[in-house]
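Notes follow once the structure below has been shown.
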2 protein chains.
Amino acid sequence: MADLTAPAATDQKPASGDRAARQDEPIWDIIELLFFAYRDFVTEADDVLAKFGFGRAHHRVLHFVNRNPGMKVAELLDILKITKQSLGRVLKQLVDQGYVIQKEGANDRRQRLLYVTAKGESLAMKLAGLQTARVAHALSELGPNAHEAARRFLVAIVDADNREGVLRFIARADRARRQRS
Amino acid sequence: MADLTAPAATDQKPASGDRAARQDEPIWDIIELLFFAYRDFVTEADDVLAKFGFGRAHHRVLHFVNRNPGMKVAELLDILKITKQSLGRVLKQLVDQGYVIQKEGANDRRQRLLYVTAKGESLAMKLAGLQTARVAHALSELGPNAHEAARRFLVAIVDADNREGVLRFIARADRARRQRS
DNA sequence: CGAAATATGTCAACATGGCTGACCTAACTG
DNA sequence: CAGTTAGGTCAGCCATGTTGACATATTTCG
């Protein structure tokens, strides 16, 4: 099993299971599985969105507004990491078609705080339900702490610079949601 | 800290750690982390590609051809799940600029088997190196079996229909690579 | 052998969703 | 009041996905 032709000094532990990770060899499996998993993760939602005349960009906006009602446009731009022109295009359609509404900020009247309508929430929850079913099914095939393991792995893949913001967003949205329910 | 206003009847086991997963509540954290993780996972490579005048689509083609030298066009289409017209556009550029070459199949002369050139391999390995660094760093922050846990989670997210094919692809490419080295 | 199936390539047109650059209004802040 | 900030908008470009139609070479099968 050990590669006897390798210089002894570079001897290396097996990384996981029986897959030996040779020195400097890319971590092919995770790289590729991120592609395959993400590809399949989004397609189901895409199919539903297509029936509404929406695309993936609409989904993202709707998702994050639903998760964080009253969020500012600037916050949404920061999460999506796109330009306000790109956001404007899809946001306008969501507003025009009654999925999202904008309310003037109470303190700062320049702000247009974003909220989903009942219709918007319904679609957002439907899409979240599809993705949840996939994730729940996946986690159910794995061990009892698979959720925590997956969460920690994904957080560690996020840019160090963004990590704090991402975790803060999730925690804040969770907290707000618990209060509402 | 506990939400004392919540109705007692809906009390639910904690799913993982201290995050209570209520009945029918979407698995927000994993859904969102897949978005954030994937977003950050690809941007570094995108930046390098931009300097070469390439995009994410070129990356995928180059990556999979590098991983599976001699693969058929049809196999690549099946992996990427795009149309041959979409593939054709980027493949042509990669061939014209000397990153990929096509060889007539020995058995079936209709086939155009795909190989990376030295130049193509160099770029593919550079990009894989960037992504590997991110993954390796992430895994190093986690426990010793994090690689296996991440792998199993990602495989479980893949469509059941595709799972076998994906695993076969990875195993085949790994095997071929080991033989070459 | 000849017909049909297969592997691949290509043209044209279109949709989505990124981007830059320029410019605008309304409202807040010092 | 001057300058900054939050947000919107117009115009145009680019990358990458789609459909549909069709062409060419090669293999396979009756």
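Numbers restart at 1 for each chain; the letters A, B, ... are given by sequence-line order, proteins then strands.
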Next item on the list: Using whole Å, report how far CG of A/L113 lies from C1' of D/dG7.
Entry: 12 Å
Next item on the list: Kindly indicate whether the side chain of A/L80, heavy atoms from C-beta on, has any atom under 4.5 Å from the side chain of B/F35.
Entry: yes
Notebook entry, point to check: How is A/Q93 classified with respect to the nucleic acid when contacts are heavy atoms under 4.0 Å: base, sugar-phosphate, or nothing?
Noted result: nothing
Notebook entry, point to check: For DNA chain C, which residues in residues 57-81 of chain B have a heavy atom at a distance below 4.0 Å?
Noted result: B/K72, B/V73, B/A74
Notebook entry, point to check: Same hydrophobic cluster for A/M125 and A/L114, using side-chain heavy-atom links shorter than 4.5 Å among ILVMFWY?
Noted result: no
Checklist line | B/L154 and A/F153, any side-chain heavy atoms less than 4.5 Å apart | finding: yes
Notebook entry, point to check: When you list every nucleotide of DNA chain C with an atom under 4.0 Å from a heavy atom of chain B, which one comes first 5' to 3', and which comes last?
Noted result: C/dT6 to C/dC11
Check: Are B/F36 and A/F64 an aromatic pair by the rule of ring centers under 6.0 Å?
Finding: yes
Check: What's the CG-P distance between A/D96 and D/dG8, to the nearest Å?
Finding: 12 Å
Checklist line | Side-chain heavy atoms of B/H59 within contact of B/V48, under 4.5 Å | finding: no
Next item on the list: Check whether B/V158 and B/I31 end up in the same hydrophobic cluster, where Ile, Leu, Val, Met, Phe, Trp and Tyr are linked by side-chain heavy atoms less than 4.5 Å apart.
Entry: yes
Next item on the list: On DNA chain C, check which nucleotide each of A/G105 and A/V90 is closest to and give me the residue with the more 5' one.
Entry: A/V90
Checklist line | Which residues share a side-chain hydrogen bond (donor to acceptor under 3.5 Å, both in side chains) with A/R172, sequence neighbours left out | finding: none
Check: When every nucleotide of nucleotides 19-27 of chain D is labelled 5' to 3' by its protein contacts under 4.0 Å (heavy atoms), B for base, S for sugar-phosphate only, - for none, what sequence of letters results?
Finding: BBB---BBS
Note to self: Among residues at least two apart in sequence or on other chains, which ones pass salt bridge (Lys or Arg N to Asp or Glu O under 4.0 Å) with A/R89?
What the structure shows: none
Note to self: Heavy atoms only, 4.0 Å cut-off, all strands: where does B/G55 land among base, sugar-phosphate and nothing?
What the structure shows: sugar-phosphate
Notebook entry, point to check: Given side chains that start at C-beta, do those of A/T43 and B/K81 come closer than 4.5 Å, heavy atoms only?
Noted result: no
Notebook entry, point to check: Near DNA chain C, which residues from residues 32-40 of chain A have a heavy atom under 4.0 Å away?
Noted result: none
Notebook entry, point to check: Base, sugar-phosphate, or nothing for A/R89, non-hydrogen atoms under 4.0 angstrom?
Noted result: base
Next item on the list: Rounded off to whole Å, could you give me the CD1-to-C1' distance for the B/I82 and D/dA15 pair?
Entry: 12 Å
Note to self: Counting C-beta onward and ignoring hydrogens, is there a side-chain heavy-atom pair between B/R152 and B/N145 closer than 4.5 Å?
What the structure shows: no
Side-chain donor-acceptor contacts of residues 100-107 of chain A below 3.5 Å, not counting sequence neighbours, with atom names and distances?
none

Item checked: Contacts of A/K92 that satisfy side chain to side chain contact (heavy atoms under 4.5 Å, CB included) - sequence neighbours left out -> A/D96
Next item on the list: Rounding to 10 degrees, work out the angle separating the end axes of the helix from C/dC1-D/dG30 to C/dG30-D/dC1 (five pairs an end).
Entry: 20°
Check: Between B/F54 (CZ) and D/dC14 (C1'), how many Å, whole number?
Finding: 16 Å
Checklist line | Set of residues satisfying salt bridge (Lys or Arg N to Asp or Glu O under 4.0 Å) with respect to B/E32, sequence neighbours excluded | finding: A/R67
Margin query: If I take atom CD in residue A/Q102 and atom C1' in nucleotide D/dT9, what distance separates them, rounded to the nearest angstrom?
Written below: 13 Å
Note to self: Enumerate the side-chain hydrogen bond (donor to acceptor under 3.5 Å, both in side chains) contacts for residues 132-144 of chain A, please, sequence neighbours excluded, ordered by first and then second residue.
What the structure shows: A/E44-A/R134, A/R134-B/D159, A/E141-B/R163
Next item on the list: Name all residues meeting the salt bridge (Lys or Arg N to Asp or Glu O under 4.0 Å) criterion together with A/K126; count only those two or more places apart in sequence or in a different chain, and write none if there are none.
Entry: none
Next item on the list: Indicate yes or no: at least one non-hydrogen side-chain atom of B/Q131 is less than 4.5 angstrom from one of A/I30.
Entry: no
